[in-house]
Amino acid sequence: MADMESRAGPWGGHFRATLALGLPLIGSNIAQMLTHTTDIVMLGWYGVEELAATVLAVELYFVAFIVGSGFANAVMPMVAGALGAANRRDIRRSVRMGAWITVIYCVALFPVLWFSKPIFLALGQEEHLCAMAQDYLRIAGWGLMPTLLVMVMRALFAAHQLAGIVLRATLIGAVANAISNYVFIFGNFGAPELGIQGAALSSVMTAGLSLLYLAHRAFRMFNTDEYRLFSGFWKPDWPAFRDVFRIGWPISLTLLSEVGLFSMTKVMVGWLGTLPLAAHGIVMQVTAISFMIPLGLSNVATIRASYASGSGNHGELRRGSVVVIVIALIVSLVTMSMFLAFPETLVSLFLDGSLPEAPRIVEIGVALIALAAAFQVVDAMQVVFLGLLRGLKDTAVPMLLAVISYWLIGIPAGYLIGFRFGFGAPGIWSGLVVGLAFAAVALALRFQYCIRSLKS
């Protein structure tokens, strides 16, 4: 890290350092998304009911994961800041207590996943699908702890500019997941045919394998006299525990509020009928893939801001921030151009053109793609500014700004434009643009305030 920072003084050095860290993190995000896509595709081959039940179960699992990942995300700026301050002892403390909170959270949440059928029934889902979804979660729930511990390990390696190790772990997991799905869902190579339970078992095995790989690399690299990462791992460190929790819970609620914004948008589009919902799902998948790039840059922003802040180098903090913002802006403009240039092609990739409903879905999807293009810039900016603020360990105020932007502005605006003004699905998506734009501006102003505070 120190060598890279010494080369990163000029602007070109900042660009190189940002890309060197960002590209593997972006790659690991995309590989993780492809892992989920593989599950959906293979279960779609297996059976419609199994696919529907899995989609239902994964919604709940994803909420559990998002809330828990906030504490793992808190480890990243703490480790990077400790590196900047040349304090290896605090690295051990942050990672250890991040793992502690993760374990406690997963143990507390496991009964919710085990007895999830009443939750799905309360949401008005069909009983046989609820039972299948619960069967899935009773197996997949065992993988929540290793999955979140992987996030803690990811934070450790990424903060040390070792994102290539994170990428390799994700790719290993993606390949292992595809193979084990093929074996256990369909019962190939003499294995029992487990269907939806086979998909859940594959997820657990994949998470365990990824964790073993990262733990092995961490043991070899950080269990030294300088770090002693695994020394006294069972011992509590309540000050560090409180720090991880203090930084982590606002991150969890911020992530949850953003996920809730898109989930509520899906619900409102569903009120309009099947075809708008189908078009919404397609365009949302396209935007989710493109979002992996600014999300990776957000992680870079957190790490580099934390390191510069920890070392007390405010000039490097400002220059590094400008660089990651500019890169995110360029990427978002390129993505926006692609969305506007090839809307029909992007939507048609997810459709069987022979279906009688296909032309109408493409028509709606093209309108939504235009709005998705409109929020590429603001979505990239808001997530990058969130990353920069996390790097400064400022998470509580950004959480409030995000909740206000998403829930008090974005969702009401979408409802008003979509239903009261009669613009339908494009109107609802306009609410996304409004909410994300407000978040981008508010978070940018908050970051400027924090930078000015550092000067005084």
Side-chain angles (χ1 to χ4, degrees), residues 1-9 13-14 16-26 28-29 69-99 101 150-167 214 217-218 221-222 226-227 229 240 243-248 250-251 295-325 383-395 398 447 450-451 454:
M1 173 77 82
D3 291 340
M4 179 169 287
E5 288 301 317
S6 67
R7 296 194 303 269
H14 279 288
R16 288 192 296 273
T18 299
L19 292 176
L21 179 58
L23 291 175
L25 289 176
I26 292 167
S28 65
N29 288 338
S69 66
F71 303 110
N73 281 316
V75 173
M76 189 179 292
M78 295 179 72
V79 171
L83 273 174
N87 188 341
R88 300 297 191 267
R89 176 174 175 270
D90 278 355
I91 293 174
R92 179 178 74 252
R93 297 174 66 205
S94 301
V95 173
R96 187 168 81 236
M97 289 300 100
I101 293 177
V150 164
M151 294 292 292
V152 175
M153 291 290 104
R154 171 191 169 110
L156 170 67
F157 284 107
H160 281 83
Q161 305 267 2
L162 297 170
I165 294 175
V166 176
L167 176 59
L214 290 176
R217 294 302 302 267
M221 299 179 69
F222 300 115
E226 184 180 16
Y227 283 91
L229 183 65
D243 286 343
V244 173
F245 188 84
R246 176 180 56 82
I247 297 172
I251 297 177
L295 181 61
L297 291 173
S298 178
N299 294 148
V300 175
T302 297
I303 293 165
R304 293 185 60 74
S306 300
Y307 185 87
S309 178
S311 62
N313 194 332
H314 299 156
E316 291 292 283
L317 171 61
R318 288 189 294 274
R319 285 188 288 272
S321 301
V322 169
V323 166
V324 75
I325 291 168
V383 76
V384 166
F385 278 114
L386 275 173
L388 289 168
L389 288 165
R390 287 171 191 166
L392 301 179
K393 299 180 182 178
D394 180 32
T395 57
F447 181 67
C450 291
I451 290 295
L454 290 175

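The structure displayed is predicted, hence computed values, not measured ones.
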query: Should the pair Phe222 and His160 be assigned to parallel (<30°), tilted (30 to 60°) or perpendicular (>60°) ring geometry?
result: tilted
Please give me the minimum heavy-atom distance between [X] and [Y], naming the atom from each residue.
| X | Y | answer |
| --- | --- | --- |
| Ser321 | Phe447 | OG-CZ, 3.3 Å |
| Phe71 | Val244 | O-CG1, 3.9 Å |
| Val324 | Ala301 | CG1-CB, 4.0 Å |
| Cys450 | Leu389 | SG-CD2, 3.9 Å |
| Leu25 | Gly296 | CD1-O, 4.2 Å |
| Pro24 | Leu19 | CD-O, 4.2 Å |

[atom1] of [X] to [atom2] of [Y]: how many Å apart, nearest 0.5 Å?
| X | Y | atom1 | atom2 | value |
| --- | --- | --- | --- | --- |
| Ser309 | Asp394 | OG | CG | 11.0 Å |
| Arg93 | Arg88 | CZ | CZ | 15.5 Å |
| Ser28 | Leu295 | OG | CG | 9.0 Å |
| Leu21 | Arg16 | CG | CZ | 15.0 Å |
| Ile165 | Phe157 | CD1 | CZ | 4.5 Å |
| Ile325 | Leu297 | CD1 | CG | 11.0 Å |

- request: Could you please spell out the steps behind the side-chain contact (heavy atoms from CB on, under 4.5 Å) verdict for Leu167 and Leu23?
  value: CA-CA 9 Å; Leu167 176 59; Leu23 291 175; over 6 Å; no
Side-chain touch Arg304/Arg319, heavy atoms, less than 4.5 angstrom: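 Side-chain contact under 4.5 Å: no.
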- request: Please examine the side chains of Leu156 and Ile91, heavy atoms only from C-beta on, and report whether any two atoms are closer than 4.5 Å.
  value: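 Yes, close enough: below the 4.5 Å cut-off.
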message: Taking side chain to side chain donor-acceptor pair (under 3.5 Å) as the definition, give me every residue that meets it alongside Thr302, ordered by chain and number, with sequence neighbours left out.
response: none
task: List for me each residue that meets side chain to side chain donor-acceptor pair (under 3.5 Å) alongside Arg217, sequence neighbours excluded, and say none if there are none.
output: Tyr213
Which side-chain N or O atoms in residues 74-85 pair as donor and acceptor under 3.5 Å with protein atoms at least two apart or in another chain?
none

